[in-house]
Amino acid sequence: MGTAPTNKTPFRLAELKYKRKDQPLDLSDVLDLSDVEKLPEGLRRVELNLPRQEAVVETGWDIAENPVAYEYERAPGLIILPNVLPPRTQRTLIRKTLLRDIAKPYNKGNLTPFYPFIPGGLFAAAIATQQQSEEEQTLDLVQPLQDHLKPMSVRELLEKKLRWITLGHQYDWTSKTYPPSPPPPFPTDIALLSSRLVSVLPSSTHTWLAQTAIVNFYSPGDTLSPHTDHSEPNHTAPLLSLSLGCSAIFLMGRETKDVAPLAILVRSGDAVVMTGKARMGFHAVPRVIEGTCPGYLGEVGGQGEGEDGWVEEFAGYMRGKRVNLNVRQVDLDVDEA
Ligand SMILES: O=C(O)CCC(=O)C(=O)O
Ligand SMILES: [Fe+2]
């Protein structure tokens, strides 16, 4: 017992370690960059291209005034920008994805083959049912598109079944390609924010354009299996990943699972950028940590930020969720703007 040889890869072992719920979560080997007084050995500060070029930025979309970035020798090419999205930008992003982008029928998601598109968007529809009695809710169940599935309330679909939607170029998970037809529009504000973040990186010698994004919705208990993101024709354009809501453990490995990955605690407002060697590396999310949603997302309020009032519908959803925006360039080359 305990010492039996294992044929599990080092990546798999790390995944299992953070996934298991029968033992307290051990964060001792997890890199946490939220408060680095003393840089751990092997960690270096990355020089950023600052001051960043400041386009006219809409209110609510700022990035941190003085972003700081790190790279760890065990995960070359992975650039971590802790706390780069101020609370207000996080709230803007959440509002836009949940109310606006989800309401566009061309932004497909994991529910698309199984349940009909909800006009006005799943989130708005779920909010609208909050005032309904249970009886009214049962009358309003969404009928599935496939016989083996059961009718569900919009609330259940939102809270329990929605795992991801795609913005911009729509990746086809069956053929594992991006269809050649002109893609639906990618939200300009999210593209601008993404470009601004990528443009501060030292490797940004080429124009980079956000052309597709997966918005992942996780509840504690949900995981993302190890994978590489290799379907974009451009394997060198950085991949930007933004974390919102509950903290998670992100595993960053190499091009093979035979190397132990680096475990990083990603918190709300953090960005990680997979560049260089890390762009094609295996990565996974074995754990979303319950009860870690920051107060500025999980509680109602607005701290005098005017129209930025954060209402219970958003707070209630975010308390139990992690939302990840995974933003990519698809084309080999993009024109200079
Ligand atoms: O949720 C994350 O942090 C990673 C998501 C991811 O790797 C993906 O969508 O390809
Ligand atoms: Fe990924």
Side-chain angles (χ1 to χ4, degrees), residues 11 14-15 18-19 30-34 75 77-85 90 93-94 97 101 107-110 162-173 176-178 186 190 194 197-198 210-232 234-257 261-290 292-293 318 320-330:
F11 199 111
E15 198 193 340
Y18 294 112
K19 224 175 181 164
V30 180
L31 186 65
D32 179 355
L33 296 176
S34 63
L78 185 79
I79 314 290
I80 311 161
L81 296 108
N83 211 13
V84 72
L85 301 177
Q90 297 180 40
L93 267 174
I94 293 163
T97 49
D101 301 332
N107 290 333
K108 310 270 190 265
N110 68 302
L162 178 70
R163 283 302 310 271
W164 52 266
I165 58 166
T166 313
L167 315 180
H169 282 252
Q170 300 287 305
Y171 185 65
D172 181 335
W173 290 87
K176 298 212 178 340
T177 54
Y178 287 96
F186 189 92
I190 299 181
S194 303
L197 288 168
V198 169
Q211 296 181 310
T212 188
I214 303 167
V215 187
N216 293 295
F217 305 95
Y218 301 85
S219 297
D222 291 339
T223 60
L224 182 70
S225 310
H227 64 279
T228 59
D229 293 297
H230 52 254
S231 295
E232 298 71 29
N234 191 326
H235 285 173
T236 56
L239 187 157
L240 170 70
S241 167
L242 305 176
S243 291
L244 304 162
C246 290
S247 305
I249 294 181
F250 179 76
L251 298 179
M252 184 69 231
R254 304 291 182 102
E255 290 185 24
T256 140
K257 288 190 229 170
L262 173 68
I264 303 160
L265 189 68
V266 280
R267 296 169 187 262
S268 199
D270 292 356
V272 299
V273 194
M274 290 159 59
T275 75
K277 273 197 163 78
R279 176 62 183 81
M280 295 309 289
F282 276 95
H283 53 284
V285 181
R287 185 72 164 251
V288 171
I289 310 171
E290 203 158 5
T292 51
C293 179
M318 288 310 294
K321 288 284 174 191
R322 169 173 185 262
V323 178
N324 169 263
L325 266 88
N326 216 263
V327 192
R328 301 131 193 235
Q329 174 173 317
V330 174

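No experiment lies behind these values; they were computed from the predicted model shown. First listed ligand is number 1; within each ligand, the first listed atom is number 1.
- Here V266 has no heavy atoms under 4.0 Å from ligand 1, in either its backbone or its side chain.
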Practice problem: Walk me through it: do V30 and I264 pass the test side chain to side chain contact (heavy atoms under 4.5 Å, CB included)? | Solution: CA-CA 5 Å; V30 180; I264 303 160; 5.6 Å; no
Quiz prompt | Derivation of the side chain to side chain contact (heavy atoms under 4.5 Å, CB included) call for E15 and T223 | solution = CA-CA 10 Å; E15 198 193 340; T223 60; over 6 Å; no
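- Proximity to R322 (heavy-atom distance under 4.0 Å) selects the following atoms of ligand 1: 1 (O), 2 (C), 3 (O).
- Close approach to V285 involves these atoms of ligand 1, each under 4.0 Å from a residue heavy atom: 1 (O), 2 (C), 3 (O), 4 (C).
- The single protein non-hydrogen atom nearest to atom 9 (O) of ligand 1 is N216 ND2, 2.9 Å, given as residue, atom name and distance.
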Exercise. Evaluate the criterion side chain to side chain contact (heavy atoms under 4.5 Å, CB included) for residue pair F282 and K257; output intermediate values, then yes/no.
Key: CA-CA 7 Å; F282 276 95; K257 288 190 229 170; 3.4 Å; yes
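- Counting heavy atoms closer than 4.0 Å to ligand 1, residue V272 contributes nothing at all.
- The backbone N or O of W164 sits less than 3.5 Å from a side-chain atom of N110, completing a donor-acceptor pair.
- Within the protein, the N, O or S atoms lying under 2.8 Å from the Fe ion (ligand 2) are H227 NE2, D229 OD2, H283 NE2.
- Distance CZ/R279 to CZ/R328: 6.5 Å, rounded to 0.5 Å.
- Not less than 6.0 angstrom separates the ring centroid of H230 from the ring centroid of H235.
- Nearest residue to atom 7 (O) of ligand 1 from H283, M274, M252 is H283 (criterion: closest heavy atom).
- If you number the atoms of ligand 1 from 1 as listed, the ones under 4.0 Å from a heavy atom of R328 come out as 8 (C), 9 (O), 10 (O).
- Rounded to the nearest 0.5 angstrom, Y218 OH and R322 CZ are separated by 5.0 Å.
- Which parts of ligand 1 touch D229 is read off a 4.0 Å heavy-atom cut-off, strictly below it: atoms 10 (O).
- Annotation: the span from D222 atom CG to R163 atom CZ amounts to 4.0 Å, rounded to 0.5 Å.
- Interface atoms of ligand 1 facing N326, defined by a heavy-atom separation under 4.0 Å, are 4 (C), 5 (C), 6 (C), 7 (O), 8 (C), 9 (O), 10 (O).
- The SG atom of C293 lies 12.5 Å from the CZ atom of R267; values are rounded to the nearest 0.5 Å.
- Using modelled atom types, no side-chain atom of N83 and backbone atom of D270 make a donor-acceptor pair closer than 3.5 Å.
- Checked by distance only, ligand 1 and S243 stay at 3.5 Å or farther apart across all their nitrogen or oxygen atoms.
- Side-chain contact annotation: T228 with E255, donor-acceptor N/O pair under 3.5 Å absent.
- Contact annotation: Y218 has at least one heavy atom less than 4.0 Å from an atom of ligand 1.
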